[in-house]
Amino acid sequence: QVSTQSTGGLILMDGIVPAKSVTSQLYRETAVGKALMEALQEMIRLGKFGPDLSTLVMQQFDQSFVVAQQKVTQEATIKGHIHTYRFIDGVWTFMLEDALFKSGNDSVPVDYLEIIATDSKSYS
């Protein structure tokens, strides 16, 4: 359950200011981002963190994700059967079936894979 409140034109999600860009919002939707948001929301609920500190933590997460992504040197390939694809507001979404994810010497078969891609230059 998510509660919202309005402050100065911003809608707060359980006290945390939303991401400033589409790209940052996508990072927040990863498993790590969701876990961090849930932990911060719980800390706000328990009175251990205030909304301001939680917002700063999420802004640092957004910034750190971008910096970490720029340091990635390993290449990967993904092959599979395209089940569905769409392009809405500059965001591509691909749903693959029977995909094979290869990185270095490792290969991982995946029954179902969703890829969300944006041009980060367009959303920074």
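- Other residues, nucleotides and ligands place more than 12 heavy atoms under 6.0 Å from the CD atom of E114.
- Residues passing the side-chain hydrogen bond (donor to acceptor under 3.5 Å, both in side chains) test with E97: none are found, sequence neighbours excluded.
- For the atom pair CG (L46) and CD (E42), the distance works out to 4.5 Å, reported to the nearest 0.5 Å.
- The other residues sharing a hydrophobic cluster with F101 are I78, I82, Y85, F87, W92, F94, L96, V108, V110, L113, I115, where clustering joins ILVMFWY side chains under 4.5 Å apart.
- Taking each heavy atom of P51 and I44 in turn, the nearest pair found is CA-CD1, 4.2 Å.
- Atom NZ in K79 sits 10.0 Å away from atom OG in S107 (nearest 0.5 Å).
- Cluster partners of Y112, using a side-chain heavy-atom cutoff of under 4.5 Å among ILVMFWY residues and allowing indirect links, are M95.
- Nearest heavy atoms, S103 versus Q74: OG-CG, 3.3 Å.
- Listed by first then second residue, pairs satisfying side-chain hydrogen bond (donor to acceptor under 3.5 Å, both in side chains) with a partner in residues 29-38 read Q25-E29, not counting sequence neighbours.
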Ignoring hydrogens and angles, write down the donor-acceptor pairs under 3.5 Å from the side chains of residues 56-64, residues two or more places apart or on other chains.
| from | atom 1 | to | atom 2 | distance (Å) |
| --- | --- | --- | --- | --- |
| Q60 | NE2 | S64 | OG | 2.9 |
| D62 | OD1 | R28 | NE | 3.0 |
| D62 | OD2 | R28 | NE | 3.4 |
| D62 | OD2 | R28 | NH2 | 2.8 |
| S64 | OG | Q60 | O | 2.9 |

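- For the atom pair OG1 (T55) and CG (L40), the distance works out to 9.0 Å, reported to the nearest 0.5 Å.
- Between V66 and Y27 the shortest side-chain heavy-atom distance falls below 4.5 Å.
- With sequence neighbours left out, the ring-ring contact (aromatic ring centres under 6.0 Å, His included) criterion links F49 to no other residue.
- Within the model, atoms NE2 of H83 and CG of D98 stand 11.0 Å from one another, a figure rounded to the nearest 0.5 Å.
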